[in-house]
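Let me begin by presenting the structure, written as structure tokens, before commenting on it.
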Amino acid sequence: MAEVIRMPRMSDTMEEGVIASWLKKVGDEVKSGDVLAEVETDKATMELEAYDDGVLLYIGVEDKQSVPVDGVLAVIGEKGENIDDLLAELKSESSKPESKKEPEISEEAVPESEDLPDFDSSEINASLITMPKMSDTMNEGTIAAWHKKVGDSVKSGDILAEVETDKATMELEAYEDGTLLYIGVKEGESVAIDGIIAVVGEKGADYQKLIEAESRKAKTTVSESDSSTSEPVSAQAAESSQKVPDVEKPEAKKESVKEARPDGKIKASPLAKKLAKDLGYDLSKINGSGDFGRIIKRDVEAYTPSAEEPVSTSASTPGEKSVPVQLPQIVGEESYEEINVSQMRKTIAKRLAESKFTAPHFYLTMEINMDKAIAARKSMNEVAPVKISFNDLVLKAAASSLRRHPKVNASWLGDKIRFNHHIHIGVAVAVDEGLLVPVVRFADNKSLSHISAEVKELGEKARNKQLQPNEWEGNTFTISNLGMFGIEEFTAIINPPDACILAVGGIKETAIVKDGQLVPGNVMKVTLSCDHRVVDGATGAAFLSTFKEILEDPVRILI
């Protein structure tokens, strides 16, 4: 029998996901555990796994399209199985309006003692970890084992627990860095979808307030459910409605939303406000489906203004008949294209903005004669098993310089400065959607041939989005090289948690002074961006001097 694959809720704040790429196509055989697609959420790019063996019979979403949580993604079944009726049912499910209209919620329907005010938890530096829907038929999950305990530090991508579903045992990942503040479900216990499992956040955060806010929201949902039917709802039914919440249709929701919205106050997300303004819609006439009647993006997109409510008006003289004027198309007509910001670009923007506006940057630029480095590279490539690039020489020279200047190989931790004894160098790699920084670990202990092969492999993985967390984490120093693009000199923004980043320009043939004579030479400019909280000017200058000495006489790399 065919199984429907829906968009799972992969994080507590996730409302929709973007299909980054399909790894299977219609007609392919799949097995339980196979990765069907990569999904971009608001936290990270995750893998969507198959939970059944069979054949991929249908794909309902193209690459780069967004899908709301529980939206239909694909269908898996037996080879040759007819799924026309199932597709028709899914289509009608998404388009058919709710026939039963909800009655308005009167003040008597919800006792005054249970009036649950808007509960502001936005300033709490913590996030709820809830039970995600890991398969289409899943109603609840069982915690098979915890891999972390209360008080442990966690990073994005760490495995928090193993969850048994009705299909398989899956790993539950953390989506944010922080401390595991609370565990709400013991090993062996089950919890409904969207039920609170744990809380991750800043040490000392008032997570109890966050849990209470979620509890109040759940009570509001149950109260509204009670008041929308003429028959009494049992405690068991209320509990069931929390486990598998019904998807409300827009028409069935309008009246209750208006009641939930305080008089005179329009709650809307910034994106919804901008979208409504661009489209000329009146926000007061749009019903919100977010928490406490808040208007969100999808509400504006789904809104259709009435005939009596024109989107835009134009002034004309009374009694004067309007005559349309056809203006010719001219060269230079304005046009533009807008694309949604990818999760990768959002992360880059956030991290670099934090670095630029938090770390006090200063810059040191030095000019390096590359004549001997060019000759040395040519000689090395005559015997090297892999082709050595100038970037490989720069990386090795930087690693050797860091070993002699450990104060540059450091990080700012607020009340501490960490001086790293190991040297892990991040190499900035340009990809279609932004920038990735794979890490060459223990670079000072590796040969140039080893570094060359590893950088090529990591660069290829980065461009194909195949990097694993251990291949992009842990950098202690970063190199950004734009020389191959013809850039002579630039400054780079520090890549946290590093204290420094080295910006490398291209090699340029120019006139230089040598032994009092003006002769042709090959020069490369480098700029070191330093976090002044960690590295002082003299320390950075000493590092660059050593770096220059090594590249101007590459035999020093061997020392």
Side-chain angles (χ1 to χ4, degrees), residues 9-15 41-44 116-132 143 145-163 171-187 189 191 194-220 269 290-292 294 343 346-347 349-360 410-420 469 473-476 494-499 531-534:
R9 185 183 295 276
M10 294 175 167
S11 76
D12 178 52
T13 57
M14 176 180 171
E15 293 185 355
T41 72
D42 57 339
K43 303 285 188 182
L116 302 175
D118 224 323
F119 203 99
D120 185 12
S121 56
S122 60
E123 295 183 1
I124 302 174
N125 293 324
S127 297
L128 295 173
I129 306 296
T130 58
M131 177 61 73
I143 301 297
W146 280 103
H147 291 197
K148 298 284 185 180
K149 61 181 185 296
V150 172
D152 283 357
S153 294
V154 297
K155 290 185 177 181
S156 177
D158 283 358
I159 304 302
L160 296 177
E162 292 178 3
V163 177
E171 293 177 333
L172 178 70
E173 291 185 8
Y175 302 101
E176 296 182 271
D177 297 348
T179 301
L180 186 56
L181 304 174
Y182 167 79
I183 290 178
V185 184
K186 297 178 181 178
E187 291 185 357
E189 290 184 351
V191 62
D194 293 334
I196 298 172
I197 300 174
V199 179
V200 172
E202 189 179 82
K203 276 189 178 180
D206 188 5
Y207 65 87
Q208 293 289 357
K209 188 176 181 181
L210 199 63
I211 295 172
E212 186 180 348
E214 187 69 12
S215 175
R216 288 176 174 230
K217 189 163 64 174
K219 287 180 181 178
T220 304
S269 70
D291 295 341
F292 304 102
R294 187 168 181 258
Q343 302 301 320
K346 288 178 183 177
T347 302
K350 181 181 178 182
R351 283 173 57 85
L352 293 186
E354 287 176 353
S355 173
K356 184 66 176 177
F357 299 116
T358 302
S411 302
W412 176 262
L413 301 180
D415 56 348
K416 298 176 184 176
I417 295 177
R418 174 178 293 170
F419 296 105
N420 298 294
E473 296 173 344
N475 48 284
T476 62
I494 295 168
N495 180 34
D498 301 348
D531 184 344
H532 216 327
R533 298 172 300 181
V534 182

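- Residues forming a ring-ring contact (aromatic ring centres under 6.0 Å, His included) with His147 (at least two apart in sequence, or on another chain): none.
- Remark: Thr358 OG1 to Arg533 CZ distance equals 6.5 Å, nearest 0.5 Å.
- In this structure, the side chains of Pro360 and Asp531 come closer than 4.5 Å at one or more pairs of heavy atoms.
- Considering only residues two or more places apart in sequence or on other chains, Glu173 meets the side chain to side chain donor-acceptor pair (under 3.5 Å) condition with none of them.
- Annotation: the span from Arg418 atom CZ to Trp412 atom CH2 amounts to 13.5 Å, rounded to 0.5 Å.
- Asp152 and Lys149 are joined by a salt bridge, as a carboxylate oxygen and a charged side-chain nitrogen come within less than 4.0 angstrom of each other.
- Using a 4.5 Å heavy-atom threshold, the side chains of Glu202 and Thr179 count as separate.
- Using a 4.5 Å cut-off on side-chain heavy atoms (C-beta onward), Trp146 and Ile197 make contact.
- Leu172 is listed as a side-chain neighbour of Pro132, based on a closest heavy-atom distance under 4.5 Å.
- The distance from the CD1 atom of Ile196 to the OH atom of Tyr207 is 12.0 Å, given to the nearest 0.5 Å.
- Closest heavy-atom contact between Asp498 and Ile494: O-CG2, 3.1 Å.
- For the pair Ser153 and Asp158, the minimum side-chain heavy-atom distance is 4.5 Å or more.
- Looking at heavy atoms from C-beta onward, Ile211 lies in side-chain contact with Leu128 at the 4.5 angstrom threshold.
- Leu181 is not listed as a side-chain neighbour of Val200, based on a closest heavy-atom distance of 4.5 Å or more.
- Of the inter-residue distances, the one linking Asn495 atom CG with Leu352 atom CG reads 7.0 Å to the nearest 0.5 angstrom.
- Between Lys148 and Ile183, the shortest heavy-atom contact is O-CD1, 3.8 Å.
- Side-chain contact between Val154 and Leu160 is present, with at least one heavy-atom pair separated by less than 4.5 Å.
- Atom-to-atom distance recorded for Ser411:OG and Asn420:CG is 5.0 Å, nearest 0.5 angstrom.
- Formation of a donor-acceptor pair under 3.5 Å by the Glu189 side chain with backbone atoms of Lys186 is found in this model.
- Listed here is the closest heavy atom pair of Asp177 and Lys155: OD1-CA, 3.2 Å.
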